[in-house]
Amino acid sequence: MKKRLDALRKKEKRFIVGIETGSEPGKLGAVLVEISGNGDDTVLAILGFASRGVNRELKAALSALEGEEAFGSEELAGINFLVLHNITKLYDELLEAADAAGDEIDLIGLKCLEVGKFVFPADPGGLSEMTNRVVASRFRIGSDDRSGDFLAVREPLLQGIVSEMIDRCAVGDDMREAVTVALLANEAIFSEGAVEGGAAEGGSKKAAKGAAKKVSAVSIGASSRGGSPCLCGEFFFPR
């Protein structure tokens, strides 16, 4: 897995999809960007953008969760699958809009959907399995271990890491959040301190039939020299 991340670092240009789930209630957004370099040397080109509203079934379930209605484990698993289904539909629509092929995508950056105390998808590895792409998710500021709460990309502290890059590229408001996720995914590639995690249960197309696959995760933490914020993220790889 570390070899795959090394290969991504060495690429002159990376095609990255950024998927955001929270800038507008009930709506998802995704952008395809071409990125070279990182940090102050980042050069970004936007190749495509797509957005879609979640389907009626998922919207009703999310409203119930926000209303703090009680849900059993099977119901939560159903919501999780619906979220993954909507995200993968958006991903496919983005590729079609950008006239891109799935095997051209180097990395998907994902901002998970936060509803009350719940986060969907519960395991971003499910998206990795469904798309057969490497997925970077669970970005946060703080410790380079897996403990602590994850800060949403909309938080000023986390967004500030890439805000200057976005401003330089004059990104429109409708796609700003999705571009933020793509840039965070790119930055996480170059973070230090990769730690291989154990296999995690991942939802997949087969998961609906009770045959969930396992995916491997790598936790990445950037050094926090001089008291600067530490960017952390996790990478999920399809088998």
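Residue indices begin at 1 and follow the sequence shown.
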Q.
Walk me through whether Glu234 and Arg138 qualify under salt bridge (Lys or Arg N to Asp or Glu O under 4.0 Å).
A. CA-CA 6 Å; Glu234 291 182 37; Arg138 296 178 177 170; 3.4 Å; yes

query = Which is it for Leu107 and Phe235 under the side-chain contact (heavy atoms from CB on, under 4.5 Å) test, yes or no, and what are the steps along the way?
reply = CA-CA 9 Å; Leu107 179 65; Phe235 286 78; 3.9 Å; yes

**OP:** Please assess Phe49 against Val33 for the test side-chain contact (heavy atoms from CB on, under 4.5 Å), listing each intermediate value before the final yes or no.
**Re:** CA-CA 9 Å; Phe49 175 74; Val33 296; over 6 Å; no

key: Derivation of the side-chain contact (heavy atoms from CB on, under 4.5 Å) call for Leu28 and Val54   = CA-CA 7 Å; Leu28 311 174; Val54 300; 4.0 Å; yes

Original post:
After noting the C-alpha distance and the side-chain angles of Met130 and Tyr91, does the key distance pass the side-chain contact (heavy atoms from CB on, under 4.5 Å) rule?
Top reply: CA-CA 10 Å; Met130 295 175 82; Tyr91 174 77; over 6 Å; no

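The salt bridge (charged side-chain N to carboxylate O under 4.0 Å, His left out) analysis of residues 48-61, with sequence neighbours excluded, yields the pairs Arg52-Glu93.
In this structure, the side chain of Ser137 engages the main chain of Leu110 through a donor-acceptor pair within 3.5 Å. At distances below 3.5 Å, at least one donor-acceptor pair connects side-chain atoms of Asn86 with backbone N or O atoms of Leu82. Although no hydrogens or angles enter the test, the distance criterion places no donor-acceptor pair under 3.5 Å between the side chain of Asp106 and the main chain of Ile16. For the pair Glu129 (side chain) and Gly126 (backbone), a donor-acceptor distance under 3.5 Å is absent. No side-chain donor-acceptor contact under 3.5 Å links Glu187 to the backbone of Asn38. Under the 3.5 Å distance criterion, the side-chain polar atoms of Asn186 are left unmatched by any main-chain donor or acceptor of Thr42. Proximity of a side-chain donor or acceptor of Arg14 to a complementary backbone N or O of Leu8 within less than 3.5 Å is detected.
The pair Lys117-Glu114 does not meet the salt-bridge criterion, since no charged nitrogen lies less than 4.0 angstrom from a carboxylate oxygen. Using a cutoff of 4.0 Å between basic side-chain nitrogens and carboxylate oxygens, Asp6 and Lys3 are not scored as salt-bridged.
Taking both residues in full, the closest heavy atoms of Val31 and Ile46 are given as CG2-CG2, 3.8 Å, listed atom of the first, atom of the second, then distance. The minimum heavy-atom distance between Ser51 and Lys27, with the atom names listed, is OG-CE, 3.5 Å. Of all heavy-atom pairs between Val119 and Cys112, the closest is CG1-CB, 3.5 Å. Considering all non-hydrogen atoms of both residues, Ala122 and Pro124 come closest at O-CD, 3.9 Å.
Considering Leu58, Leu76, Thr21, Leu84 in turn, Leu76 is the only one that fulfils the side chain to side chain contact (heavy atoms under 4.5 Å, CB included) rule with Phe120.
Rounded to the nearest 0.5 angstrom, Leu65 CG and Glu75 CD are separated by 9.5 Å. Taken from CZ in Phe139 to CG in Leu183, the straight-line distance is 10.0 Å, to the nearest 0.5 Å.
With sequence neighbours excluded, no residue satisfies side-chain hydrogen bond (donor to acceptor under 3.5 Å, both in side chains) with Asn132. Lys13 is linked by a salt bridge (charged side-chain N to carboxylate O under 4.0 Å, His left out) to Glu34, counting only residues two or more places apart in sequence or in another chain.
Contact annotation: the side chain of Thr131 never approaches that of Asp92 to less than 4.5 Å [non-hydrogen atoms, C-beta and beyond].
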